[in-house]
Amino acid sequence: MSKLHDKFYINGQWQDAKGQGRHDVIHPATEEVVATVALGNQEDVDSAVTAARAAFDSWSTSSADFRADLIRKAAARLRERREDLIAAVSQSMGCPPHITPWLQIDGPIGGFEGYADRCADMEKAKEVNNSLVVKEAAGVCGFINPWNYPLNQLIGKIAPALAAGCTMVVKPSEQTPLQDIIVAEVLDEVGFPAGVFNLVIGLGHEVGAALSSHPEVDVVSFTGSTRAGILVAEAAAPTVKRVTQELGGKSAFIITDDADLDAAVKCGVNDVMINTGQTCIALTRMLVPASKYDEAAEIAKAYTESLSVGYEGEEVFVGPMSSARQKDTVQRYIEIGMEEATLLTGGLGAPEGLETGFYVKPTIFRDVNNDMRIAREEIFGPVLVMIPYNDLDEAVAIANDTPYGLSSGVYAKTKEDGLAIARRLRAGQCYVNGGDYNYDAPFGGYKQSGNGREWGDEGLHEFVEIKAIQL
């Protein structure tokens, strides 16, 4: 029997939702209801923002040691509830349960703990001639989070904000709210003061819009599509809020002529197929030297067809889409691709034997050019396009020919060669020869991929105001 969550965490208490709507959380692999949550409204948002505003003065002036101690306690308790978090994310988002721990859970908890040490940065001041320059918390924050990496994006916002001394109201995606409920329970349990963290579940056009436009919210941080990000910015503009956004991407992966082709192609395929392609930084445009294009296509086809699709079992690599709606979106793009380019593997319909669940076939298109829709629009599914290039200058030009700039990748003979190319790519980050994600490095995009940064020291800066005191 699924559980009903009809309360929101506001002002240190679980309060009955004022909104009357309900939303079923659907297991993407079984299509069964795993939970039902209340959907908030303007009244819920007002209550949460009022609580956050009331808590701000005392929390923002608390000692760095006090905040750091609470962050460390929370991270430790989240580790103790690791299995609950794995189940919450896997059952609502569809990430296979043996992949969820290392992809979705462990890194964010470690990143959370890392902000304990950064609390002390808020107490550092510097003298500039006759001025003392100090740091202060930016204020009350509204956080609007996505469904694809729900714990990662939640902690990427709340950890630096808590370290800085901000208070907050959090809105998770209604598709994946369960880990946020666990985090609220943990923060309450370890002793975060009432009103510092508030949770309201709801729809974007109602709760998200209310947060974005609320006159008592100072900072809005949004992760999602570029289309929705524009709406958030428009709603925030009349009150001149600080707005940070992590939006869409259509990232390029350049394989050089002298790279290990087999390793490079497999690295690129893995990058797109993990999390079933529902990764904003996925390297979905594979750029291959024209002289090696056919060979690369053969490698990509064989390797992709070797990947196991499903949910249970250690051999599974590709899970279901997060929802029926996202499955339909990907299917439409596969149809477009079949009209524009050549289908290398995959295609329409579900993989054999997976009629139940929101599954799609891992799909690759060849004979693609950068003007095609499948090369320009974010698909957000396990769909890779392969584009040939004649020389490195052309490859860089193709990579940069996009309205997005969230991520990029290079696979070269040496890391030094890859680094030289990485510096030419207009994106917020670049993965060279399969380099790992780093929670201590800044994360964010150029162009229509957003503004501001999460994680690392730069993530803290988004929640800091600078004051110059003239003496």
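Along the sequence shown, the residues carry numbers beginning at 1. Because the structure is a prediction, the values reported are computed rather than measured.
Under the 4.5 Å side-chain criterion, counting only non-hydrogen atoms from C-beta, Phe358 is in contact with Glu31. Residues Leu406 and Leu247 form no side-chain contact, since every pair of their non-hydrogen atoms from C-beta on lies 4.5 Å or further apart.
Nearest heavy-atom pair, Val269 versus Leu307, reported as atom, atom and distance to 0.1 Å: CG1-CD1, 4.1 Å. Contact between Met168 and Ala161 at its shortest, heavy atoms only, is CE-CB, 3.8 Å. Contact between Thr244 and Ser221 at its shortest, heavy atoms only, is OG1-OG, 3.1 Å. Taking both residues in full, the closest heavy atoms of Val368 and Ala375 are given as CG1-CB, 3.9 Å, listed atom of the first, atom of the second, then distance. Here the closest non-hydrogen pair linking Ala68 and Ala116 is CB-O, 3.3 Å. What you find for Pro351 and Val360 is that their closest heavy atoms are CG-O, 3.6 Å.
Rounded to the nearest 0.5 Å, atoms NZ (Lys266) and OG1 (Thr304) are 10.5 Å apart. Here the CE-CZ distance, from Met122 to Arg67, works out to 6.5 Å after rounding to the nearest 0.5 Å. Rounded to the nearest 0.5 angstrom, Tyr431 OH and Tyr437 OH are separated by 6.0 Å. Taking CG from Asp262 and CD from Glu298, the interatomic distance works out to 12.0 Å, rounded to the nearest 0.5 Å. Note that the CG atom of Asp367 and the CG atom of Leu344 stand 9.0 Å from one another [nearest 0.5 Å]. Expressed to the nearest 0.5 Å, how far SG of Cys280 lies from OH of Tyr149 amounts to 7.5 Å.
Ion pairing of Lys171 with Asp180 is absent here, as no side-chain N (NZ or NE/NH1/NH2) approaches a carboxylate O to less than 4.0 Å. Ion pair Glu246/Lys157 not flagged as a salt bridge, since none of the NZ, NE, NH1 or NH2 atoms sits closer than 4.0 Å to an Asp/Glu carboxylate oxygen. One finds no salt bridge joining Asp401 and Arg426 here, because no Lys/Arg side-chain nitrogen approaches an Asp/Glu carboxylate oxygen to under 4.0 Å. Using a 4.0 Å cut-off between charged side-chain N and carboxylate O, Arg325 and Asp328 make no salt bridge. Using a 4.0 Å cut-off between charged nitrogen and carboxylate oxygen, Arg453 and Glu462 do not count as a salt-bridge pair.
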| field | From CA spacing to verdict: side-chain contact (heavy atoms from CB on, under 4.5 Å), Val183, Ile158 | value | CA-CA 10 Å; Val183 169; Ile158 71 169; 4.1 Å; yes

| task | Apply the test side-chain contact (heavy atoms from CB on, under 4.5 Å) to residues Val25 and Thr176: give CA-CA distance (whole Å), side-chain angles for both, the deciding distance (0.1 Å), then the verdict. | result | CA-CA 7 Å; Val25 178; Thr176 54; over 6 Å; no

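For the residue pair Glu378 / Tyr404, no side-chain donor-acceptor distance below 3.5 Å is found, with atom types taken as modelled. No side-chain N or O of Arg424 forms a donor-acceptor pair with one of Asn400 less than 3.5 Å apart. When only modelled atom types and interatomic distance are considered, Ser90 and Tyr311 share a side-chain donor-acceptor pair under 3.5 Å. Checking Thr226 against Gln448 by side-chain atom types alone, no donor-acceptor pair falls below 3.5 Å. Judged by distance alone, the side chains of Asn152 and Tyr439 do bring a donor and an acceptor atom under 3.5 Å apart.
When each of Gln104, Gln175, Met321 is tested with Met93 by the rule side-chain contact (heavy atoms from CB on, under 4.5 Å), just one qualifies, namely Gln104. When each of Thr345, Val383, Thr342 is paired with Phe365, the side-chain contact (heavy atoms from CB on, under 4.5 Å) condition holds for Val383 and for no other.
In Glu315, the CD atom is crowded: over 12 heavy atoms of neighbouring residues, nucleotides or ligands sit closer than 6.0 Å. Within a 6.0 Å sphere centred on CD of Gln470, heavy atoms belonging to other residues, nucleotides or ligands number more than 12.
Aromatic pair Tyr303/Phe317: centroids not less than 6.0 angstrom apart.
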